[in-house]
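Contents: one structure, followed by commentary.
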Amino acid sequence: EYLPWIHNNLGVLLLEDDQADLAADHFQTAIDLSPQTVTAYVNLGSAYYSQEDWEAAAAAYGNALDLDFSLQDTKAAWAGLILSESRLVEARLVWEYVLLENPRHPLALQGLGVVSLLEGDPTLAMMYLDAARYLQPDNPALYLYVGMALEELENHAEAAEAYQFAAQNGSNPDLISLAEALLEVVLEEVEASN
């Protein structure tokens, strides 16, 4: 009961067993026993992330980064969480910083593609998203964003293909539903232009 690393390791096993709520309890105990344990904060963020508690995940990742700002994957995930809080400029800066350290970081490339879309620059978005897609050719979320960028560029046929890929290969029901809805809209646009 006094060894933080045991609680952290048990939390990892529970998280892998889809018991994120119990895992979070053990990660928090590890942190309570040793508040400077960076790994426990990262793992706690992952547990909250899997429970879709975005605010708590961002806070845990932020605590980890306060202790060690060199964690590239944690920075990239944290930037995605703060983007959902409309902290667009800060998210962009974090992803750019991650790319300075690792120009092939797929999550940072995807994030910058999304930021470019939100800023109304679909051409720049396609540059980032294509680079991310090169690194993760089977990531359905990337195809959803690629479809959105292609639709903004008025390339409706290719946007439809991207949405279809996302709908057919996604595992998240929300992503699949959104991809199917966007596919339906873009197919109407394709038919109208023919």
Side-chain angles (χ1 to χ4, degrees), residues 1-119 124-125 127-129 131-136 138-142 145 171-172 174-175:
E1 71 187 270
Y2 302 108
L3 299 174
W5 62 271
I6 290 178
H7 285 284
N8 186 65
N9 290 350
L10 181 56
V12 169
L13 292 173
L14 290 165
L15 189 58
E16 289 176 358
D17 196 36
D18 294 325
Q19 298 181 58
D21 53 338
L22 293 174
D25 292 340
H26 283 282
F27 296 137
Q28 188 59 58
T29 301
I31 291 165
D32 293 342
L33 291 170
S34 179
Q36 301 300 312
T37 308
V38 175
T39 306
Y41 281 110
V42 172
N43 291 337
L44 180 61
S46 298
Y48 287 139
Y49 192 96
S50 69
Q51 295 176 70
E52 298 182 4
D53 186 344
W54 312 127
E55 188 175 323
Y61 287 149
N63 288 332
L65 293 172
D66 286 343
L67 295 170
D68 183 357
F69 198 68
S70 68
L71 304 168
Q72 300 302 319
D73 292 340
T74 302
K75 273 190 273 196
W78 179 72
L81 292 168
I82 65 171
L83 180 65
S84 68
E85 299 172 0
S86 300
R87 294 164 61 185
L88 187 97
V89 172
E90 191 176 357
R92 181 185 341 104
L93 291 173
V94 170
W95 279 319
E96 287 173 349
Y97 184 82
V98 169
L99 286 184
L100 287 174
E101 296 292 317
N102 178 6
R104 297 174 56 92
H105 197 285
L107 186 55
L109 290 165
Q110 176 181 320
L112 287 170
V114 171
V115 166
S116 298
L117 265 175
L118 292 171
E119 292 177 334
L124 183 59
M127 182 188 79
Y128 286 121
L129 294 171
R133 196 166 43 162
Y134 175 77
L135 297 169
Q136 292 184 328
D138 298 327
N139 182 344
L142 276 172
Y145 298 128
S171 58
N172 180 314
D174 293 335
L175 182 138

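Residue numbers start at 1 and run along the sequence shown.
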Those residues at least two apart in sequence (or on a different chain) that pass side chain to side chain contact (heavy atoms under 4.5 Å, CB included) with D73 are H105
Test side chain to side chain contact (heavy atoms under 4.5 Å, CB included) on L118 and L83 and set out the steps. CA-CA 10 Å; L118 292 171; L83 180 65; 4.1 Å; yes
Residue pairs, two or more places apart or on separate chains, that pass side chain to side chain donor-acceptor pair (under 3.5 Å) and touch residues 63-72: D68-S70
Measuring from atom CG of L44 to atom CD1 of I31, what distance do you get when rounded to the nearest 0.5 angstrom? 4.5 Å
Sorted by chain and residue number, the side chain to side chain contact (heavy atoms under 4.5 Å, CB included) partners of S34 (sequence neighbours excluded) come out as P4, T37
Scanning both residues in full, the closest heavy-atom pair of A79 with A91 reads O-CB, 3.5 Å
Taking distance alone, no hydrogens or angles, what donor-acceptor pairs closer than 3.5 Å link side-chain atoms of residues 92-100 to residues at least two apart or in another chain?
{"from": "R92", "atom 1": "NE", "to": "E119", "atom 2": "OE2", "distance (Å)": "3.2"}
{"from": "R92", "atom 1": "NH2", "to": "E119", "atom 2": "OE2", "distance (Å)": "2.3"}
{"from": "W95", "atom 1": "NE1", "to": "A76", "atom 2": "O", "distance (Å)": "3.1"}

For residues 48-58, which residue pairs qualify under side chain to side chain donor-acceptor pair (under 3.5 Å), counting only residues two or more places apart or in two chains? none
Heavy-atom distance under 4.5 Å between the side chains of Q110 and Y145, does that happen here? yes
I'd like to know whether OH of Y134 has more than 12 heavy-atom contacts from other residues, nucleotides or ligands below 6.0 angstrom. no
Using the side-chain hydrogen bond (donor to acceptor under 3.5 Å, both in side chains) definition, which of the options T29, T39, N43 pairs with N8? N43
Side-chain atoms of residues 15-27: list all donor-acceptor pairs with protein atoms under 3.5 Å, sequence neighbours left out, distances to 0.1 Å.
{"from": "D17", "atom 1": "OD2", "to": "Q19", "atom 2": "NE2", "distance (Å)": "2.6"}
{"from": "H26", "atom 1": "ND1", "to": "H7", "atom 2": "ND1", "distance (Å)": "3.0"}

Closest heavy-atom contact between Y41 and P35? CE1-O, 3.2 Å
Using 0.5 Å steps for rounding, measure from the CD atom of E101 to the CG atom of L71. 11.5 Å
Supply the atom-to-atom distance N139 CG to R133 CZ, rounded to the nearest 0.5 angstrom. 11.0 Å
Evaluate S46 against Y61 for side chain to side chain donor-acceptor pair (under 3.5 Å), listing each step before the verdict. CA-CA 8 Å; S46 298; Y61 287 149; 3.3 Å; yes
Close side-chain approach of W78 and E90, heavy atoms under 4.5 Å: yes
d(L109 CG, N102 CG) to nearest 0.5 Å is 8.5 Å
K75 and F69 have their tightest heavy-atom pair at NZ-O, 2.7 Å
